[in-house]
Amino acid sequence: MSSKHSNWALIYTVVESIPYGRVATYGQVAHLAGLPGHARQVGYALHATPDDLEIPWHRVINSRGEVSARSEPMFESIQQQLLESEGVLFAATGRVNLKRFRWNPDE
DNA sequence: GCAGTGACTAGTA
DNA sequence: ATACTAGCCACTG
């Protein structure tokens, strides 16, 4: 966590607004936070997100519609399980149909 | 300040 | 469809 105020707060705000049962991509979150091109930073911020903050980090996936690999592979299955519990369907390939489940803020 | 790193992405083959 | 590449940019040591 950065010592001074950072853009992570903006990222958290966007992630918190992702509706139940919907997903958003890292690039999408960065864009909505007014930080285009900061997709990697979104992932970094979520990785550093304290668990006590009730942020739906699991609703953020990559542009291919799949759960991004991380240092702790255990959390990948946890993330998928959380999404499935919200009704987000995973194909046999382990990918989500973004056409169907990606959050559209304009709705 | 510089180099390494990463829960990324779009492009190319 | 997958695999690899270059670009990306804040954070860290």
Side-chain angles (χ1 to χ4, degrees):
Chain A
M1 195 75 92
S2 176
S3 57
K4 46 192 283 190
H5 65 81
S6 68
N7 296 319
W8 296 10
L10 297 173
I11 295 172
Y12 293 150
T13 300
V14 173
V15 174
E16 285 175 345
S17 60
I18 303 174
Y20 181 96
R22 292 305 207 77
V23 299
T25 66
Y26 296 95
Q28 181 183 2
V29 171
H31 181 76
L32 292 173
L35 303 168
H38 289 60
R40 306 192 76 151
Q41 217 44 42
V42 173
Y44 200 99
L46 291 179
H47 183 259
T49 302
D51 295 338
D52 47 342
L53 294 181
E54 296 183 5
I55 295 177
W57 55 269
H58 57 281
R59 295 180 190 146
V60 183
I61 59 180
N62 64 29
S63 62
R64 296 192 299 184
E66 55 191 7
V67 173
S68 294
R70 63 175 63 67
S71 55
E72 289 286 343
M74 176 176 54
F75 288 96
E76 300 176 20
S77 58
I78 294 177
Q79 180 172 7
Q80 178 170 341
Q81 186 176 351
L82 285 171
L83 287 175
E84 289 177 333
S85 69
E86 297 185 356
V88 177
L89 270 48
F90 279 78
T93 55
R95 297 171 59 179
V96 174
N97 186 338
L98 289 178
K99 299 280 191 185
R100 179 175 172 186
F101 292 103
R102 193 170 78 91
W103 173 41
N104 183 352
D106 294 331
E107 290 178 350

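The basis for the numbers below is simple: all heavy atoms, side chains too, and nothing from hydrogens, waters or symmetry mates. Chain A is the first sequence line, chain B the second, and so forth, proteins listed ahead of strands; every chain is numbered from 1.
Neither OP1 nor OP2 of C:dA10 sits under 4.0 Å from any side-chain N or O of A:W8. The shortest distance between the side-chain N/O atoms of A:S68 and the OP1/OP2 oxygens of B:dC8 is below 4.0 Å.
Note on A:E86 versus A:R22: no salt bridge recorded, every NZ/NE/NH1/NH2 to OD/OE distance being 4.0 Å or above. Between A:R70 and A:E72 there is no salt bridge, since none of the side-chain N atoms of the basic residue sits less than 4.0 Å from a carboxylate O of the acidic one.
A:N62 places its CG atom 7 Å from the P atom of B:dC8, with the value rounded to the nearest Å. For the pair A:L35 CG and C:dC11 C1', the interatomic distance rounds to 14 Å; values are reported in whole Å. Counting to the nearest Å, the P atom of B:dC8 and the CH2 atom of A:W57 are 14 Å from each other. As rounded to whole Å, 18 Å separates atom P of B:dC8 from atom CG of A:L32. Look at CG on A:N7: it is 16 Å from C1' on B:dC8, rounded to the nearest Å. Between the C1' atom of B:dT9 and the CD atom of A:E66 lies a distance of 13 Å, rounded to the nearest Å. Computed from coordinates, the A:I78 CD1 to B:dA7 P distance equals 15 Å when rounded to whole Å. A straight line from NE2 of A:H47 to P of C:dC9 spans 22 Å, rounded to a whole angstrom.
Distance from the side chain of A:R95 is smallest for C:dA1 among the nucleotides B:dC8, B:dA7, C:dA1. In this structure, the nucleotide among B:dA7, B:dT9, C:dC11 sitting nearest to the side chain of A:S63 is B:dT9. The nucleotide whose nearest atom lies closest to any side-chain atom of A:Y44 is, among B:dC8, C:dT12, B:dA7, C:dT12. For A:R40, taking side-chain heavy atoms from C-beta onward, the closest of the listed nucleotides C:dA10, B:dG6, B:dA7 is B:dG6.
Backbone-only engagement by A:H38 is indicated by non-hydrogen atom pairs under 4.0 Å involving sugar-phosphate atoms exclusively. In this structure, A:A69 reaches the sugar-phosphate backbone alone: every heavy-atom distance under 4.0 Å involves primed, P, OP1 or OP2 atoms, never a base.
The aromatic rings of A:F75 and A:W57 sit perpendicular, their planes meeting at an angle over 60°, well past the 30° parallel limit.
Between A:H58 and the options A:I78, A:L82, A:V88, A:L46, a side-chain contact (heavy atoms from CB on, under 4.5 Å) holds for only A:L82. Exactly one of A:T25, A:V67, A:I18 qualifies for a side-chain contact (heavy atoms from CB on, under 4.5 Å) with A:V60. That residue is A:I18.
Judged by distance alone, with hydrogens and angles left aside, A:Y26 brings a side-chain donor or acceptor within reach of the base of B:dA7, the pair sitting under 3.5 Å.
Both A:R64 and A:Q41 lie close to DNA chain B; mapped to their nearest nucleotides by heavy-atom distance, the more 5′-ward contact belongs to A:Q41.
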